[in-house]
Colleague: 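Here you go, one structure.
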Amino acid sequence: MWPTCNLKIRDCLASTSVTLKQCLKLGATMAKSKFEYVRDFEADDTCLAHCWVVVRLDGRNFHRFSEKHNFAKPNDSRALYLMTKCAQTVMEELEDIVIAYGQSDEYSFVFKRKSNWFKRRASKFMTHVASQFASSYVFYWRDFFEDQPLLYPPGFDGRVVVYPNNQTLKDYLSWRQADCHINNLYNTVFWALVQQSGLTPVQAQGRLQVDEVTTKEVKLPAEMEGKKMAVTRTRTKPVPLHCDIIGDAFWKDHPEILDEDS
Ligand code: DGT
Ligand code: MG
Ligand code: MG
């Protein structure tokens, strides 16, 4: 295919009436028209109009990452605040995100219903959020983990889910927060049995499967309820919050998040 093109360009160059610039333009145009059909192989991943678009990121193999970087158990405040700093940066850098909610090694980002950012292409939403978040994680690491070097580059997977109305979006966020509470309760009791009661991890796991562990046995920290993270906007600036988003109070206090015309 190239020899044909080159021949045409050679003929063209042999002619005294055309300039080199015109020849190159002809070559480029021919190559473009010949190969452009491959565009048709690209999938259409436009998100359904007028729906909430949610991008959820999750740390890749953070079980290992948290061990290697000596995260405190069950919750490491440095890690949680770093995640929130990254979410805040994503919201500052990218358009149209109305709220972000995170726990553990994951963060969800909600784009406004009428966003037309990158023509609503799911791959654009997901890859921009994931790359901005991951680079922020490395960039801000030292601000949160002063004495702990970053030993290898972390990665995050991403998915896009589209929710058709306010109720399904609220239920999605409630689902993530309920998941946070369940995991947090389990992990807190598990590590209390190991760290305070001297059980081995296998023994603690066994106790949690067969028994009801009473609050007399393990002392749960008062701040346990505070390990959930959200970032919303006050006017345009993203602000971190640590609050309940399952109940109605949060949505009453922040009507602008679900406001159709926001
Ligand atoms: P994945 O997501 O399939 O690649 O695998 P993982 O290992 O990331 O699994 P995932 O996302 O279900 O669980 C998150 C892991 O991260 C879990 O092993 C606990 C760990 N992790 C997250 N935040 C903290 C923390 O603050 N402290 C400690 N010690 N571990 C944490
Ligand atoms: Mg993970
Ligand atoms: Mg996770």
Side-chain angles (χ1 to χ4, degrees), residues 54-90 99-110 126-127 129-138 140-161 172-206 208-209 218-231 240-243 245-246:
V54 176
V55 174
R56 182 164 83 249
L57 303 182
D58 186 282
R60 177 168 173 266
N61 200 356
F62 260 49
H63 180 70
R64 175 170 180 261
F65 187 85
S66 58
E67 291 285 333
K68 294 272 178 201
H69 292 87
N70 300 307
F71 281 17
K73 294 174 167 79
N75 291 304
D76 190 312
S77 310
R78 300 167 301 175
L80 297 171
Y81 288 125
L82 171 59
M83 291 286 287
T84 293
K85 175 69 182 173
C86 297
Q88 216 176 329
T89 310
V90 168
I99 183 170
Y101 171 75
Q103 53 136 339
S104 181
D105 67 339
E106 70 168 61
Y107 239 104
S108 297
F109 297 86
V110 181
M126 188 168 64
T127 53
V129 171
S131 64
Q132 197 72 49
F133 193 94
S135 66
S136 303
Y137 199 93
V138 174
Y140 291 114
W141 174 268
R142 279 287 299 278
D143 294 355
F144 294 85
F145 286 86
E146 286 166 12
D147 305 321
Q148 170 62 59
L150 182 59
L151 301 176
Y152 61 89
F156 293 84
D157 72 31
R159 73 188 72 191
V160 174
V161 189
Y172 167 76
L173 292 167
S174 297
W175 173 53
R176 296 324 300 149
Q177 192 159 65
D179 184 78
C180 171
H181 285 312
I182 292 162
N183 289 337
N184 211 22
L185 186 61
Y186 183 93
N187 290 335
T188 305
V189 177
F190 177 88
W191 286 109
L193 286 172
V194 173
Q195 289 164 350
Q196 292 170 26
S197 309
L199 269 62
T200 65
V202 174
Q203 286 170 331
Q205 201 179 8
L208 281 162
Q209 268 164 15
V218 291
K219 192 174 167 300
L220 298 180
E223 77 279 12
M224 221 193 90
E225 284 295 294
K227 300 297 182 191
K228 52 223 169 189
M229 320 164 279
V231 183
L241 302 169
H242 297 265
C243 61
I245 56 170
I246 297 178

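Each ligand, and each atom within it, is numbered from 1 in the order the structure gives.
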Colleague: Geometry only, no angles: is Ala79 polar-contacting ligand 1 at N/O separations under 3.5 Å?
Modeller: no
Colleague: Can you check atom 3 (O) of ligand 1: any protein non-hydrogen atom closer than 4.0 Å?
Modeller: no
Colleague: So, 2.8 Å as the limit: is an N/O/S atom of Glu106 located closer than that to the Mg ion (ligand 3)?
Modeller: no
Colleague: Under 4.0 Å from atom 19 (C) of ligand 1, can you find at least one protein heavy atom?
Modeller: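 Flag for atom 19 (C) of ligand 1 set to false, no protein heavy atom closer than 4.0 Å.
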Colleague: What protein heavy atom lies closest to atom 15 (C) of ligand 1? Include the residue and the distance to one decimal.
Modeller: His63 N, 3.7 Å
Colleague: Hey, which N, O or S atom on Asp105 ends up closest to the Mg ion (ligand 2)?
Modeller: OD2
Colleague: So which protein heavy atom does atom 10 (P) of ligand 1 come closest to, and at what separation?
Modeller: Asp105 OD2, 4.0 Å
Colleague: Using a distance threshold of 4.0 Å (strictly less than), state whether atom 12 (O) of ligand 1 has a protein heavy-atom neighbour.
Modeller: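 There is no protein heavy atom less than 4.0 Å from atom 12 (O) of ligand 1.
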Colleague: How are the rings of Tyr152 and Phe65 set relative to one another: parallel (under 30°), tilted (30 to 60°) or perpendicular (over 60°)?
Modeller: perpendicular
Colleague: Within ligand 1, which atoms have a heavy atom of Phe71 less than 4.0 Å away?
Modeller: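 So the atoms of ligand 1 that pass are 24 (C), 25 (C), 27 (N), 28 (C), 29 (N).
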Colleague: Can you pull out the closest protein heavy atom to atom 22 (C) of ligand 1? Residue, atom name and distance to 0.1 Å, please.
Modeller: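 Going atom by atom, the protein heavy atom closest to atom 22 (C) of ligand 1 ends up being Ser104 OG, 3.2 Å.
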Colleague: Considering only heavy atoms, does Asp58 approach ligand 1 within less than 4.0 Å through its side chain, its backbone, both, or neither?
Modeller: side chain
Colleague: Under 3.5 Å between some N or O of ligand 1 and some N or O of Phe62?
Modeller: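 By distance alone, the answer is yes.
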Colleague: Do Asn61 and ligand 1 have an N or O pair less than 3.5 Å apart?
Modeller: yes
Colleague: Look only at the side chain of Asp179 and the backbone of Trp175, and say whether a donor-acceptor pair between them is shorter than 3.5 Å.
Modeller: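 No, the answer is negative, given that no donor and acceptor are paired below the 3.5 Å cut-off.
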Colleague: Considering only the protein, which heavy-atom contact is closest to atom 26 (O) of ligand 1, and what is its distance?
Modeller: Asp76 N, 2.8 Å
Colleague: Looking at Tyr101, is Arg56 sitting on its ring face, NZ or CZ under 6.0 Å from the six-membered ring centre and within 45 degrees of the normal?
Modeller: no
Colleague: Which atom name does Asp58 have for its N/O/S atom nearest to the Mg ion (ligand 2)?
Modeller: OD1
Colleague: Is there a polar contact, in the sense of an N or O pair closer than 3.5 Å, between Asp157 and ligand 1?
Modeller: no
Colleague: Select the closest option to atom 30 (N) of ligand 1 among Gly59, Ser77, Ser66, Pro154, judged by heavy-atom distance.
Modeller: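 Nearest heavy atom to atom 30 (N) of ligand 1 lies in Ser66.
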Colleague: List every atom of ligand 1 that sits less than 4.0 Å from any heavy atom of Arg60, numbering the atoms from 1 in the order shown and giving each element.
Modeller: 4 (O)
Colleague: Does the side chain to side chain contact (heavy atoms under 4.5 Å, CB included) test come out yes or no for Tyr137 and Met83, once each step is laid out?
Modeller: CA-CA 7 Å; Tyr137 199 93; Met83 291 286 287; 3.7 Å; yes
Colleague: Hey, could you give me the OG/CD distance between Ser136 and Gln88, rounded to the nearest 0.5 Å?
Modeller: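 Between Ser136 OG and Gln88 CD, I get 10.5 Å after rounding to 0.5 Å.
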Colleague: Would you mind running through ligand 1 and noting each atom that sits below 4.0 Å from a heavy atom of Asn75?
Modeller: 26 (O)
Colleague: Counting from 1, what ligand 1 atoms have a heavy atom of Ala72 closer than 4.0 Å?
Modeller: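 Those atoms are 27 (N), 28 (C), 29 (N).
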Colleague: If the cut-off is 4.0 Å to any non-hydrogen atom of Pro74, which atoms of ligand 1 fall inside it?
Modeller: 25 (C), 26 (O), 27 (N), 28 (C)
